[in-house]
Amino acid sequence: MAVPQRKTDIGPPNFEQFLPPVIKKNYGKWKYHEVLTPGAMVHVAESGDKLWTVRVASPRILATDTIREHCDIAEKYCDGHLRYTTRNNVEFLVSDEKKLEPIKKELAARGFKMGGIGYGISNVVHTQGWVHCHGAATDASGIVKSMMDELMEYFESKRLPNKLRLAVACCVNMCGAVHCSDIAIVAVHTKIPDIAHENFKNMCELPTVIGSCPTRAISPDPAQKSVKINPDKCMYCGNCFTVCPPINIKNPERDGIAIVIGGKVSSLRTNPKFSKLVIPYISNEPPRWPKVVAAVKHIVDVYAANARKHERVGEWIERIGWERFFSLTGIEFTVHSIDDFTFMRDTLRTSPAFKW
Ligand code: SF4
Ligand code: SF4
């Protein structure tokens, strides 16, 4: 019997086949766009053609039933066309203006939250958490739901000085965007890993494990055919666990959350920035993480009340100075925010200019 040929290297389907006809016709020839409401915008082409977009929130982890519901709505109002954004929102693409208000009405009736466009808060870029990843020091979906419940007014209507990007990563691998977001949550471990020495020789590769440690805290332990960790050098990153499961970094009592802020990726006005550590640790409190949510909401509120129009969080802080940020927010500045890693010198103050 002939063996069927294995199909491989076929790549993704060509995106062009999924474009609404109005996009195909005006591809690369769009003149301008306008934000109509926090959940709707219109793009106008050089030809005069228009395309209306209605954006709704999505929790990112979707059941196929929900995707089918998206498809039903797209069939009814958008000739079957929709897209998912880089922040995992859903956009319904309407080329007939008469269908704009009806689709908005139906989305609202079905409980979809419209918003996320313009100077507010859009969806939270986030990770696997306890749903799927073995290294997670916190959950992603749970925190995101708790946070967005509290901040929904900024998604649906209330405006901010500029867009405010939120992100969550459930370990310092930082899958996603936490290192470059206005406000982000990064889960951290706070305890030296326990090593199941008896499994090391069967499951781990010695050079890889030693090479995985950014602070060179790991050295061979020939007597146990395993490795040992220098507790004075370990800063609990969990990288060794990633390459060697018997080095267990997870600890339900001690794992928690750090908050980093002030990052951005766009080059508008100022260069892209990394986010910086302002709150080193908040313990995990599932299912609603009240202290984390309160801390994020507080930073959003202080930014909203103090930043100038168009300033991103990082730009606002660089204008007023980090001392002023800590005094305005009342967040305690701790030694943990002082960089002590390889390129720390550049982060220290090398000028006498500061505010009391
Ligand atoms: S951030 Fe870490 S724990 Fe979360 S999905 Fe990525 S690797 Fe897994
Ligand atoms: S947790 Fe990180 S710092 Fe600690 S031993 Fe493992 S790799 Fe090194």
Side-chain angles (χ1 to χ4, degrees), residues 59-62 86-88 123-147 165-181 183-197 199-200 203-221 224 226-260 263 274-275 277 280-284 286 289 292 336 339-344:
R60 188 180 68 87
I61 293 185
L62 298 173
T86 54
R87 303 190 76 82
N88 306 303
N123 207 6
V124 184
V125 169
H126 62 283
T127 48
Q128 308 302 313
W130 294 329
V131 173
H132 201 63
C133 195
H134 69 159
T138 193
D139 188 39
S141 302
I143 294 185
V144 168
K145 165 73 174 140
S146 309
M147 206 156 66
R165 299 301 193 210
L166 297 171
V168 171
C170 39
C171 86
V172 294
N173 277 357
M174 301 192 182
C175 300
V178 292
H179 60 297
C180 56
S181 295
I183 303 177
I185 281 161
V186 193
V188 289
H189 304 285
T190 63
K191 195 172 169 293
I192 291 158
D194 299 317
I195 308 176
H197 293 292
N199 293 331
F200 186 91
M203 297 177 74
C204 309
E205 200 184 34
L206 183 68
T208 310
V209 175
I210 290 176
S212 73
C213 181
T215 57
R216 298 187 186 172
I218 303 177
S219 57
D221 183 350
Q224 303 211 68
S226 178
V227 288
K228 53 182 183 249
I229 294 174
N230 179 343
D232 295 333
K233 286 188 171 179
C234 176
M235 42 63 162
Y236 333 118
C237 69
N239 231 18
C240 49
F241 167 73
T242 303
V243 298
C244 175
I247 305 181
N248 179 33
I249 185 80
K250 284 176 290 179
N251 186 296
E253 304 302 322
R254 297 274 298 266
D255 291 348
I257 302 293
I259 295 183
V260 294
F274 283 125
S275 350
L277 180 76
Y281 182 78
I282 301 174
S283 56
N284 272 321
W289 282 268
V292 176
H336 301 290
D339 191 359
D340 58 359
F341 199 55
T342 312
F343 301 111
M344 59 171 280

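For the numbers below, each heavy atom of this structure counts, side chains included, while hydrogens, waters and symmetry mates do not. In this chain, numbering begins with 1 at the start of the sequence shown. Order of appearance sets the numbers: ligands from 1, and atoms from 1 within every ligand.
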Inset, instruction - Inspect the surroundings of OH in Tyr281 and state if more than 12 heavy atoms from other residues, nucleotides or ligands are less than 6.0 Å away. - result: yes

Inset, instruction - Would you mind checking which non-hydrogen protein atom is closest to atom 2 (Fe) of ligand 1, with the distance to 0.1 Å? - result: Cys171 SG, 2.3 Å

Inset, instruction - State, to 0.1 Å, how close Ile183 and Ile259 come at their nearest heavy-atom pair, and which atoms those are. - result: CG2-CG2, 4.2 Å

Inset, instruction - Could you pull out the closest heavy-atom pair between Asn123 and Asn88, with the gap in Å? - result: ND2-O, 3.4 Å

Inset, instruction - State whether the side chain of Asn248 and the backbone N or O of Asp194 hold a donor-acceptor pair below 3.5 Å, judged by distance alone. - result: no

Inset, instruction - Would you kindly specify which portion of Cys133 sits under 4.0 Å from ligand 1, judged on non-hydrogen atoms: side chain, backbone, both or neither? - result: side chain

Inset, instruction - Compare Ala140, Cys170, Ala169 and give the one whose heavy atom is closest to atom 4 (Fe) of ligand 1. - result: Cys170

Legend entry - Non-neighbouring partners of Phe241 that pass ring pair (Phe, Tyr, Trp, His ring centres under 6.0 Å), sequence neighbours left out: His134

Legend entry - Sub-4.0 Å atoms of ligand 1 with respect to non-hydrogen atoms of Gln128: 5 (S)

Inset, instruction - Heavy atoms only: give me the nearest Cys171-Gly135 pair and the separation to one decimal. - result: CB-O, 3.8 Å

Inset, instruction - Kindly confirm or rule out an SG-SG distance below 2.5 Å between Cys204 and Cys244. - result: yes

Inset, instruction - Sort by chain and number the protein N/O/S atoms found under 2.8 Å from atom 2 (Fe) of ligand 2. - result: Cys237 SG

Inset, instruction - Among all protein heavy atoms, pick out the one at the shortest distance from atom 7 (S) of ligand 1; state its residue, atom name and that distance to 0.1 Å. - result: Asn173 ND2, 3.3 Å

Legend entry - Heavy-atom pair of closest approach, residues Ser212 and Ile218: OG-CD1, 4.5 Å

Inset, instruction - Could you tell me which non-hydrogen atom of Ser226 sits nearest to which non-hydrogen atom of Ile195, and how far apart they are? - result: OG-CG2, 3.7 Å

Legend entry - Element-labelled atoms of ligand 1 that are located less than 4.0 Å from some non-hydrogen atom of Ala136: 3 (S)

Inset, instruction - For atom 6 (Fe) of ligand 1, grab the closest protein heavy atom and report residue, atom and distance to one decimal in Å. - result: Cys175 SG, 2.3 Å

